[in-house]
Amino acid sequence: MAAALLLVVCAAAPAVTGTPESEEFGLMVKAPGASETFYACTPCHSERIVVQQGLRREQWDEVLDLMVEEHEMEPITGDARTVILDYLDEHYGPDRPNFPR
């Protein structure tokens with residue numbers, strides 16, 4: 001269900017153009033993994049789409065697979081995937097401690 005919601009939101013989200021200023025990740029919390037997550041996700045949509053989700057780690061993992069399968073995102077594997085999942089799980093889990101208000 002969450003993956004389907006993200007799919008709908010991603011399809012409607014405008015693509016991000018340009019590059020952010022050095023070490024600036026928009027609404028994303030500046031923490032280990034922010035850079036990897038920002039650059040993996042924002043070529044197709046705003047970081048706001050990411051920070052508002054509030055998914056469990058397993059759901060984030062499924063979303064990464066979905067983005068590859070359905071939206072032609074480059075696969076993220078190995079250590080990079082672990083870093084991104086760690087970041088998303090810590091900062092944008094179900095309780096969304098860093099939900100933008």
Side-chain angles (χ1 to χ4, degrees):
M1 170 98 166
L5 175 60
L6 185 61
L7 175 62
V8 170
V9 173
C10 289
V16 173
T17 57
T19 58
E21 294 177 30
S22 178
E23 298 300 312
E24 182 58 45
F25 307 116
L27 297 172
M28 298 179 108
V29 173
K30 292 180 184 175
S35 174
E36 293 86 347
T37 304
F38 184 88
Y39 291 113
C41 298
T42 60
C44 296
H45 55 73
S46 165
E47 79 282 355
R48 182 174 288 277
I49 300 300
V50 177
V51 303
Q52 68 188 5
Q53 295 306 310
L55 304 176
R56 292 185 322 274
R57 184 185 187 92
E58 298 79 24
Q59 292 172 307
W60 281 118
D61 198 36
E62 291 172 4
V63 167
L64 291 179
D65 289 339
L66 177 86
M67 292 296 124
V68 171
E69 294 165 8
E70 300 291 328
H71 298 288
E72 300 178 9
M73 183 176 90
E74 289 296 318
I76 302 167
T77 59
D79 291 341
R81 190 174 182 111
T82 300
V83 167
I84 290 170
L85 288 172
D86 288 348
Y87 175 81
L88 292 170
D89 185 48
E90 180 176 347
H91 299 285
Y92 303 106
D95 63 349
R96 296 182 295 181
N98 296 300
F99 186 71
R101 306 229 184 260

Next on the checklist: Between L66 and E62, is there a side-chain heavy-atom distance shorter than 4.5 Å?
Outcome noted: no
Next on the checklist: If I compare all heavy atoms of R56 with all of P94, which pair ends up nearest, and what's the gap?
Outcome noted: CG-CG, 3.5 Å
Next on the checklist: Rounded at 0.5 Å granularity, tell me how far CZ in R81 sits from CD in E36.
Outcome noted: 14.5 Å
Checklist entry - Among V68, V83, L64, D65, whose side chain to side chain contact (heavy atoms under 4.5 Å, CB included) with I76 holds? => result L64
Checklist entry - Rounded to the nearest 0.5 Å, how far apart are CD of Q59 and CG of D89? => result 10.5 Å
Item to check | H45/V50 under side-chain contact (heavy atoms from CB on, under 4.5 Å): CA gap, chis, key distance, verdict | outcome: CA-CA 9 Å; H45 55 73; V50 177; 3.6 Å; yes
Checklist entry - Between the main-chain N or O of G26 and the side-chain N or O of R48, is there a donor-acceptor pair closer than 3.5 Å? => result no
Item to check | Verdict with reasoning, M67 to V63, per side-chain contact (heavy atoms from CB on, under 4.5 Å) | outcome: CA-CA 6 Å; M67 292 296 124; V63 167; 4.2 Å; yes
Item to check | Residue pair Y39, I84: steps toward the side-chain contact (heavy atoms from CB on, under 4.5 Å) verdict | outcome: CA-CA 10 Å; Y39 291 113; I84 290 170; over 6 Å; no
Checklist entry - Taking the side chain as C-beta and beyond, is there a heavy-atom pair between T82 and D86 under 4.5 Å? => result yes
Item to check | Test item: Y87 side-chain N/O and S35 main-chain N/O as donor-acceptor pair under 3.5 Å | outcome: no
Checklist entry - What's the shortest heavy-atom distance between F38 and E24, and which atoms? => result CZ-O, 4.4 Å
Checklist entry - When rounded to the nearest 0.5 angstrom, what is the spacing between CD in Q52 and CD in E47? => result 10.5 Å
Item to check | N/O donor-acceptor pair under 3.5 Å between W60 side chain and L55 backbone | outcome: yes
Next on the checklist: I need the minimum non-hydrogen distance between A40 and M73, along with the two atoms involved.
Outcome noted: O-SD, 3.8 Å
Checklist entry - For atom CD of E74, is the number of surrounding heavy atoms from other residues, nucleotides or ligands below 6.0 Å larger than 12? => result no
Item to check | H91 and V51: CA distance, side-chain angles, deciding distance, side-chain contact (heavy atoms from CB on, under 4.5 Å) verdict | outcome: CA-CA 8 Å; H91 299 285; V51 303; over 6 Å; no
